[in-house]
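The first residue in the sequence is number 1, and the count goes up from there.
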Amino acid sequence: MSSEMLPASIESPNVEEKLGTSDGEEERQEPRVDAGAEPISKRQLKKLMKQKQWEEQREQRKEKRKEKRKRKKLERRQLESNSDGNDRKRVRRDVARSSLRLVIDCSFDDLMVLKDIKKLHKQIQRCYAENRRASHPVQFYLTSHGGQLKKNMDENDQGWVNWKDIHIKSEHYSELIKKEDLVYLTSDSPNVLKDLDESKAYVIGGLVDHNHHKGLTFKQATSYGIEHAQLPLADFVKMNSRKVLAVNHVFEIILEFLETRDWQEAFFTILPQRKGAVPAHKACESSPQDHQSLPEGWDSASEGESCRDNPDSPQKDEQGQQSSPVLQ
């Protein structure tokens, strides 16, 4: 009798195992969604995967930052060992301070959400750091300082109160600097800046708005009756993206120009590669076939330039992916 029941006792787990396997396969093939919940779109899924990858690579980024700090520390030690022991004084003697005033206008505080305020704060930090290490540092002004920006700086960067070589003022720039000395830098201005006048005070709009407030800085400049101009970007550079630059990019381009007196070198030294920048003369040397292969929606003459085609624009490969343009 026991021998007759033996097969049954052996087969039973196999049946349960098969059932378990099929249930698992169904769960993998058709993930359950909670009642009332919307299905996840491909875009959302892709975003979640990117976020997961970002979290997984956190330690790698931390290690890279450590390596970078170690490398810089080693470079400083090597520099000190090659100097006479007064390296800092020697570097400071090489600095030729510019009389040019560079103002970041922070009067747009109420137009930004906290996320954009934090971005502006980081851009200001970058401007301060670059000006401190520049060979021709400018007279740096931060005006209309208050509101969300000041609160964020107080909470996340308390050391700002000890910043040197910077004028941080709660007043508007128009109350601090003569009207005839002011030049507002805005991409909407019809005036193109050819050179920098070091007796002037150039104003950069401290606004991170993702193109929500087009022409705002230009309107402000005209309403105050002050001079305005745009950087000669279109004369030297052809870009994939819009020509509105971040606050720190404008600041760093001016610092670079003061050192090199070459706009093209300043632009290509500072502009991030994602902008897809190529020299303007290169963009004009393409054939009609190149224009046909431009991505949909790309208007290479949108900035008023005479050329129609851009040979260095990102082209579609066989898989439909865009290839990154190469900076010349």
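- Residues I168 and Y128 have side chains not in contact (no heavy-atom distance under 4.5 Å, counting atoms from C-beta outward).
- Shown here is K118, whose NZ atom has no more than 12 heavy atoms of other residues, nucleotides or ligands within 6.0 Å.
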Q | H213/F108 under side-chain contact (heavy atoms from CB on, under 4.5 Å): CA gap, chis, key distance, verdict | A | CA-CA 10 Å; H213 302 282; F108 307 101; over 6 Å; no
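- Ring centers of W160 and H145: under 6.0 Å apart, within the cut-off.
- The backbone N or O of G146 sits nowhere less than 3.5 Å from a side-chain atom of K151 that would complete a donor-acceptor pair.
- In this structure, D109 contributes its side chain and Q148 its backbone to a donor-acceptor pair below 3.5 Å.
- The residues K169 and E175 are annotated as not salt-bridged, no charged nitrogen and carboxylate oxygen being separated by less than 4.0 angstrom.
- For P39 against Q44, the heavy-atom pair with the smallest separation is O-OE1, 4.2 Å.
- Pairing each heavy atom of I104 with each of C127, the nearest pair is CD1-SG, 4.0 Å.
- Hydrophobic clustering keeps F218 apart from V203 (ILVMFWY residues linked when any side-chain heavy atoms are closer than 4.5 Å, directly or through intermediates).
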**Q.** Verdict with supporting geometry, R65 and K62, side-chain contact (heavy atoms from CB on, under 4.5 Å)
**A.** CA-CA 5 Å; R65 288 195 295 269; K62 189 175 180 181; 4.0 Å; yes
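- Here M112 contributes atom CE and C106 contributes atom SG; the two are 7.5 Å apart, rounded to the nearest 0.5 Å.
- When each of V138, D197, L231 is checked for a side chain to side chain contact (heavy atoms under 4.5 Å, CB included) with Y202, only D197 meets the rule.
- R69 CZ: more than 12 foreign heavy atoms inside a 6.0 Å radius.
- Tested against E55, the residues Q53, Q51, Q57 include a single side chain to side chain donor-acceptor pair (under 3.5 Å) partner, Q51.
- No donor-acceptor pair under 3.5 Å is formed between the side chain of S144 and the backbone N or O of D105.
- Contact record, F257 with A266: N-CB, 3.9 Å, taken as the closest heavy-atom pair.
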Q: Show your reasoning for whether side-chain contact (heavy atoms from CB on, under 4.5 Å) applies to I253 and L245.
A: CA-CA 10 Å; I253 285 168; L245 304 177; 3.8 Å; yes
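- Side-chain atoms of V237 and F268, non-hydrogen and from C-beta on, do get closer than 4.5 Å to each other.
- Under the 4.5 Å side-chain heavy-atom criterion for grouping Ile, Leu, Val, Met, Phe, Trp and Tyr, M49 is not connected to W54 through any hydrophobic cluster.
- Between D188 and G215, the shortest heavy-atom contact is OD2-CA, 3.1 Å.
- The number of heavy-atom neighbours closer than 6.0 Å to CD1 of I40, taken from other residues, nucleotides and ligands shown, is 12 or below.
- Cluster membership check: V161 shares its hydrophobic cluster with Y141, using side-chain heavy-atom separations under 4.5 Å among Ile, Leu, Val, Met, Phe, Trp and Tyr.
- Taking 4.5 Å as the limit, some side-chain heavy atom of L111 sits within range of a side-chain heavy atom of L216.
- No side-chain heavy atom of H249 sits under 4.5 Å from any side-chain heavy atom of Q123.
- Hydrophobic cluster membership differs between W263 and V192, with clusters built from Ile, Leu, Val, Met, Phe, Trp and Tyr side chains linked at under 4.5 angstrom.
- For D116 (side chain) and L207 (main-chain N/O), no donor-acceptor pair under 3.5 Å exists by modelled atom type.
- The aromatic rings of Y173 and Y184 stand perpendicular to each other, their planes meeting at an angle above 60°, with 30° marking the opposite boundary.
- For the atom pair K179 NZ and E227 CD, the distance stands at 11.0 Å (nearest 0.5 Å).
- Annotation: the span from T186 atom OG1 to I204 atom CD1 amounts to 11.5 Å, rounded to 0.5 Å.
- The residue from Q139, E259, E198 that alone fulfils the side chain to side chain donor-acceptor pair (under 3.5 Å) condition with S98 is E198.
- Rounding to the nearest 0.5 angstrom, the gap separating the CD1 atom in I177 from the CD atom in E171 is 11.5 Å.
- The OG1 atom of T217 lies 11.0 Å from the CD atom of Q230; values are rounded to the nearest 0.5 Å.
- Between the side chain of R101 and the backbone N or O of S199 there is at least one donor-acceptor pair closer than 3.5 Å.
- In this structure, P190 and H228 approach most closely via the heavy-atom pair CD-CE1, 3.9 Å.
- When all heavy atoms of R126 and E252 are compared, the pair lying nearest together is CG-OE2, 3.4 Å.
- Contact of the L149 side chain with the H121 side chain is registered, since non-hydrogen atoms from C-beta on lie closer than 4.5 Å.
- In this pair, F236 and F267 present their aromatic rings tilted. The plane angle is within the 30 to 60° band.
- Put simply, CG on L102 and CD1 on I254 are 4.5 Å apart, with the number rounded to the nearest 0.5 Å.
- At least one donor-acceptor pair closer than 3.5 Å links the side chain of N156 to the backbone N or O of N152.
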Q: Using the side-chain contact (heavy atoms from CB on, under 4.5 Å) rule, take F251 and L255 through it: C-alpha gap first, then chi angles, then the decisive distance, then the call.
A: CA-CA 6 Å; F251 196 102; L255 288 178; 3.6 Å; yes
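- Within the 4.5 Å cutoff, the side chain of K50 has no heavy atoms near those of the K47 side chain.
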